[in-house]
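We count ligands from 1, going down the list as the structure has it; atoms in each ligand are counted the same way. Since this is a predicted model, take the numbers as computed values, not measurements.
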Amino acid sequence: MDLQKRNENLKAFFDRKTDGYDDVHIRFMESKCALTDALPDGTTHVLDLGAGTGLELIPLYERFPEVFVTAVDLSEDMLAVLRTRPFADRVTTVSGDFFEVPFRGEDGTAPLYDAMISTSALHHFTPEDKVQLYRRVYSVLRPGGLFLNADKTASDPAAQAEGFRVLAEEPEKYAHIDTPLTVGAECTALEEAGFTVLSVTPLANDNYYLYKAIKKESSHD
Ligand SMILES: C[S@@+](CC[C@H](N)C(=O)[O-])C[C@H]1O[C@@H](n2cnc3c(N)ncnc32)[C@H](O)[C@@H]1O
């Protein structure tokens, strides 16, 4: 299935799931908190990919009340919930596909973001799609900036291949099937994009890991 169609299906899925989303996803809160815990003191600008209703921003604003966030999501319905949160005046919401919408800094202005964060949003894409996305993230992080992704992970290469096989067989029926990568494939995608992987840490939820990678200070990109 091509990426554009995949994202159209994901958008329709999450628009439908917005009501009641927080009640279901609150059980992942411990994993979402791990993003905030991994950020250094002094963080001021954060890019959140697949921010949804902004659950991971609740602990972020508890620790960093002054932080500015750019929150990208396909689903305008999910973002509408985010805009009701008490910290919404410090969040710029961008309604669109993170493979397509331009990120601040891609126009040649100096990289601004201290970190890219994402939770439960990047487990639908092929390694090739991820390298393409992660290169763009790398380009908009300032040197020393962090990539922090708390997400599902395939247990082994066979499990990774199975998700993509099922999706290819009945793409409409399984529009939202999870296709997570293994730890190895995820780290390879990050390294191909230019990142140095600092750690991969298991999280409280089953099969969830925190990927922490850095754009090294010495980078000349
Ligand atoms: C399971 S929700 C996670 C939301 C939030 N990060 C959280 O942890 O509660 C996944 C979100 O990623 C968004 N998403 C998936 N693919 C996307 C894409 N290509 N561009 C923008 N948003 C995307 C969906 O619309 C959805 O809101």
Worksheet item: Would you call Asp77 and Lys11 a salt bridge, taking side-chain N to carboxylate O under 4.0 Å as the test?
Response: no
Fill in: Residue and atom name of the nearest protein heavy atom (relative to atom 6 (N) of ligand 1), distance in Å to one decimal
Gly50 O, 2.7 Å
Worksheet item: Which protein heavy atom lies closest to atom 24 (C) of ligand 1, and at what distance to 0.1 Å?
Response: Phe14 CD1, 3.3 Å
Item to complete: Would you check the N or O atoms of Asp97, main chain and side chain alike, for any that come under 3.5 Å of an N or O of ligand 1?
Response: yes
Worksheet item: At under 4.0 Å between heavy atoms, which part of Phe98 makes contact with ligand 1: side chain, backbone, both or neither?
Response: both
Fill in: Expected output: side-chain Arg85 to main-chain Thr53 donor-acceptor under 3.5 Å
yes
Discussion item. Check for me whether the distance between the ring centres of Phe147 and Tyr134 falls short of 6.0 Å.
Written reply: yes
Worksheet item: Just which atoms of ligand 1 are under 4.0 Å from any heavy atom in Glu56?
Response: 5 (C), 6 (N), 7 (C), 8 (O), 9 (O)
Fill in: Taking atom 2 (S) of ligand 1 as the reference point, the nearest protein heavy atom with its distance
Tyr21 OH, 3.3 Å
Fill in: Selected option - heavy-atom contact closest to atom 7 (C) of ligand 1, from Lys32, His25, Glu8
Lys32
Worksheet item: At what distance is the nearest protein heavy atom to atom 25 (O) of ligand 1, and which residue and atom is it?
Response: Asp73 OD1, 2.6 Å
Worksheet entry | CA sep, side-chain torsions, deciding dist, call: Lys130, Glu192, salt bridge (Lys or Arg N to Asp or Glu O under 4.0 Å) | CA-CA 10 Å; Lys130 286 193 171 183; Glu192 278 186 34; over 6 Å; no
Worksheet item: What do you reckon, does His124 put a non-hydrogen atom under 4.0 Å from ligand 1?
Response: no
Practice prompt. Output yes when a side-chain donor or acceptor of Arg136 lies under 3.5 Å from a complementary backbone atom of Phe98, and no otherwise.
Written response: yes
Item to complete: Assess Lys215 against Tyr138: is NZ or CZ under 6.0 Å from the centre of the six-membered ring, and within 45 degrees of the ring's axis?
Response: yes
Practice prompt. Could you tell me which atoms of ligand 1, counted from 1 in the order shown, lie closer than 4.0 angstrom to a heavy atom of Gly96?
Written response: 20 (N), 21 (C)
Item to complete: Determine, using ring centers only, whether Phe103 and Tyr113 are less than 6.0 Å apart.
Response: no
Practice prompt. Go through ligand 1 atom by atom and flag the ones less than 4.0 Å from a non-hydrogen atom of Met78.
Written response: 27 (O)
Discussion item. I'd like to check which ligand 1 atoms, numbered from 1 as shown, lie under 4.0 Å from a non-hydrogen atom of Asn7.
Written reply: 16 (N), 18 (C), 19 (N)
Worksheet item: Is the ring centre of Phe195 less than 6.0 Å from the ring centre of Tyr211?
Response: no
Practice prompt. Kindly check if the number of other-residue, nucleotide or ligand heavy atoms within 6.0 Å of CD (Gln4) is above 12?
Written response: no
Worksheet item: What class does the angle between the rings of Phe68 and His45 fall in, given that below 30° is parallel, 30 to 60° is tilted and above 60° is perpendicular?
Response: parallel
Practice prompt. Ignoring angles and geometry beyond distance, decide whether Leu74 reaches within less than 3.5 Å of ligand 1 through its nitrogen or oxygen atoms.
Written response: yes
Fill in: Part of Ala51 within contact of ligand 1 (heavy atoms, under 4.0 Å)
backbone
Worksheet item: With a 4.0 Å cut-off on heavy atoms, does Phe125 reach ligand 1?
Response: yes
